[in-house]
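The structure displayed is predicted, hence computed values, not measured ones. Below, chain A is the first sequence line, B the second, and so on; all start at residue 1.
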Protein chains: 2
Amino acid sequence: MTQLDLTEDTAEKTPKLGRKRDHTRDVDILDAALEVLAETGYDGMTIDMVASRAKAGKGTVYRRWASKGELVIEAVACMKKGDFDLSRLPNTGTLRGDFIAMIKPRSMEEADKKLKIMAGLASMLSRDPELADAANAAIVEPRVSMDRILLRRAIDRGEISADCDIETISHLTASMVAYRTLIQRKVIDREFLVSLIDNVLLPAVGLARATHPLM
Amino acid sequence: MTQLDLTEDTAEKTPKLGRKRDHTRDVDILDAALEVLAETGYDGMTIDMVASRAKAGKGTVYRRWASKGELVIEAVACMKKGDFDLSRLPNTGTLRGDFIAMIKPRSMEEADKKLKIMAGLASMLSRDPELADAANAAIVEPRVSMDRILLRRAIDRGEISADCDIETISHLTASMVAYRTLIQRKVIDREFLVSLIDNVLLPAVGLARATHPLM
DNA sequence: TATATACGATACTATTGAGTTCCGGATCTA
DNA sequence: TAGATCCGGAACTCAATAGTATCGTATATA
């Protein structure tokens, strides 16, 4: 650290000889970090836990990330892979149909895992802005963007008024789901989500409240 | 701990002679704990910080609470003093008037402090149910109860439909405020709150959206 | 005034965990 | 095949902190 270092310090080393770096380990370690994060939270998480979960040595972790903080930021930032493919966003012709179609066991399970990660990150959000931005971009913004698109399409087809406060209402589901999980610690089931759509979200955009059909 | 102890162990000692315990220190220490909690979060908070903030010795803290966890739980639980006096709940005659009247610099400042405490507690909520319940009862439930009463009164006077999902909608403001602070890290100002009332809450209970009057 | 006790301050112990270093062995490249 | 480099594992250092013990002092009660 203090000694004279003529080699590139921050750049990636590209050795001419010997074994290459195993990039498989990167994703194993990042996945392990997310698992431990969801289970124990940022402060409860140790590098030893992550390493042993990934069947890796501690040195292998520190060869890739300079600190625990950087590891967590990259793990969170790299999380958005897979989801958020706008291509298969529901398009049923009605706003209610679209929102109901978003309720799938697959996506609810995934959302639950993400909320556990968010809970583990929560205490750091106010202390580390970079981490907070990464968490927001990876966990809540994708879902909010989907809702925003569904609402905008409803305006475009004339189903709801163009005066609606799309910007706020697109955060409504994410907000209520996060609140119910993190603060109320109640389960998010289909009944809650349908009730949220029919009794709050649709009325808020001017669509009459339905008579509580569960499907 | 392991030795034979014939005195009452859990009961309060009432010495016949000497100096009495200074109950002023209790509230000083609890207040200091809340301050440190808001500033550094549960995991970042140390007993030394709390003690020195309260100008107390560490021993004085541990003479009253067996552990850091118990201190925090009591500090949070004892927080609800002062607020939540239903007597001076607004009663303007309209639901919108009541909700707008709830927006006061005094209460917003207090809510901000409580949200900072909630943020500091966040990572513990999923790990310690007792603490989670205390935080819920002291921080969010008082506000939710107020909104619930305002909504119920609006039903009673026939201003809004009795079919409204009061139970969910009474959590709407608390939910959106917590989300905006903890996750989005944006400020809660009067404009946001008025917009939330006019563009989401009132439409959700069937009242037509107003034309954005800031007062 | 005498005494028992609470007080602030500080030193102490024990534990935990971040980050480093080193080892023998595995593996890829020249 | 040979050597450079990565690997998992484990031992290590160092700093922080929960909780305990002690000391001299302040203070309320008898």
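Sequence neighbours left out, not one pair with a member in residues 114-153 of chain A passes ring pair (Phe, Tyr, Trp, His ring centres under 6.0 Å).
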Donor-acceptor list for residues 128-137 of chain B side chains, cut-off 3.5 Å, not counting sequence neighbours:
residue: B:Asp128; atom: OD1; partner: B:Glu130; partner atom: N; Å: 3.1
residue: B:Asp128; atom: OD1; partner: B:Leu131; partner atom: N; Å: 3.1
residue: B:Asp133; atom: OD1; partner: A:Arg185; partner atom: NH1; Å: 3.3

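In this model, the phosphate group of C:dG17 is not approached by any side-chain N or O of A:Thr46 to a distance below 4.0 Å at OP1 or OP2. Side-chain N/O atoms of B:Arg63 include none lying less than 4.0 angstrom from OP1 or OP2 on C:dT5.
Rounding to whole angstrom units, CG of residue B:Asp28 and C1' of C:dG8 are separated by 14 Å. The distance from atom CG of B:Asp43 to atom P of C:dG17 is 11 Å, rounded to the nearest whole Å. Protein atom CE of A:Met45 is 19 Å distant from nucleotide atom P of C:dT16, rounded to whole Å. The interatomic distance linking A:Met49 (CE) with C:dG17 (P) rounds to 6 Å, in whole Å. When rounded to the nearest whole Å, the span between CG of A:Asp26 and P of D:dG8 equals 11 Å. The nearest whole Å value for the distance from the OH atom in B:Tyr42 to the C1' atom in D:dT17 is 13 Å. Atom NE2 of A:His23 and atom P of D:dC6 are 11 Å apart (whole Å). Nucleotide C:dT20 holds its P atom 15 Å from the CH2 atom of A:Trp65, rounded to whole Å.
For A:Glu74, the side-chain contact (heavy atoms from CB on, under 4.5 Å) partners at least two apart in sequence or on another chain are A:Leu30, A:Trp65, A:Cys78. Among residues two or more places apart in sequence or in another chain, the ring pair (Phe, Tyr, Trp, His ring centres under 6.0 Å) test is passed with B:Tyr62 by none. Every residue two or more places apart in sequence or in another chain was checked for a salt bridge (charged side-chain N to carboxylate O under 4.0 Å, His left out) with B:Arg180, and none qualifies. Applying the side-chain contact (heavy atoms from CB on, under 4.5 Å) criterion to B:Ser123, with sequence neighbours excluded, gives A:Asp43, A:Ser123, B:Asp43, B:Arg127. For A:Asp156, there are no side-chain contact (heavy atoms from CB on, under 4.5 Å) partners at least two apart in sequence or on another chain. Not counting sequence neighbours, the partners of B:Arg148 by the salt bridge (charged side-chain N to carboxylate O under 4.0 Å, His left out) test are B:Glu141, B:Glu167. Every residue meeting the side-chain contact (heavy atoms from CB on, under 4.5 Å) condition with A:Ser67, not counting sequence neighbours, appears here in chain and number order: A:Glu70.
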Could you list the protein-to-nucleotides 19-21 of chain D atom pairs, N/O on both sides, closer than 3.5 Å?
residue: D:dG19; atom: OP2; partner: B:Tyr62; partner atom: OH; Å: 3.1
residue: D:dG19; atom: OP2; partner: B:Lys68; partner atom: N; Å: 3.2
residue: D:dG19; atom: N7; partner: B:Lys58; partner atom: NZ; Å: 2.8
residue: D:dG19; atom: O6; partner: B:Lys58; partner atom: NZ; Å: 2.7

Give me, pair by pair, the N or O atoms of the protein and of nucleotides 24-28 of chain D that are less than 3.5 Å apart, along with how far apart they are.
none

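Less than 4.0 Å separates DNA chain D from no heavy atom of any residue of residues 116-126 of chain A.
Here A:Arg53 does not pair with A:Asp31 in a salt bridge; the nearest charged N to carboxylate O distance is not below 4.0 Å. A:Arg106 has a carboxylate O that lies under 4.0 Å from a charged side-chain N of A:Glu110, or vice versa, which qualifies the two as a salt bridge.
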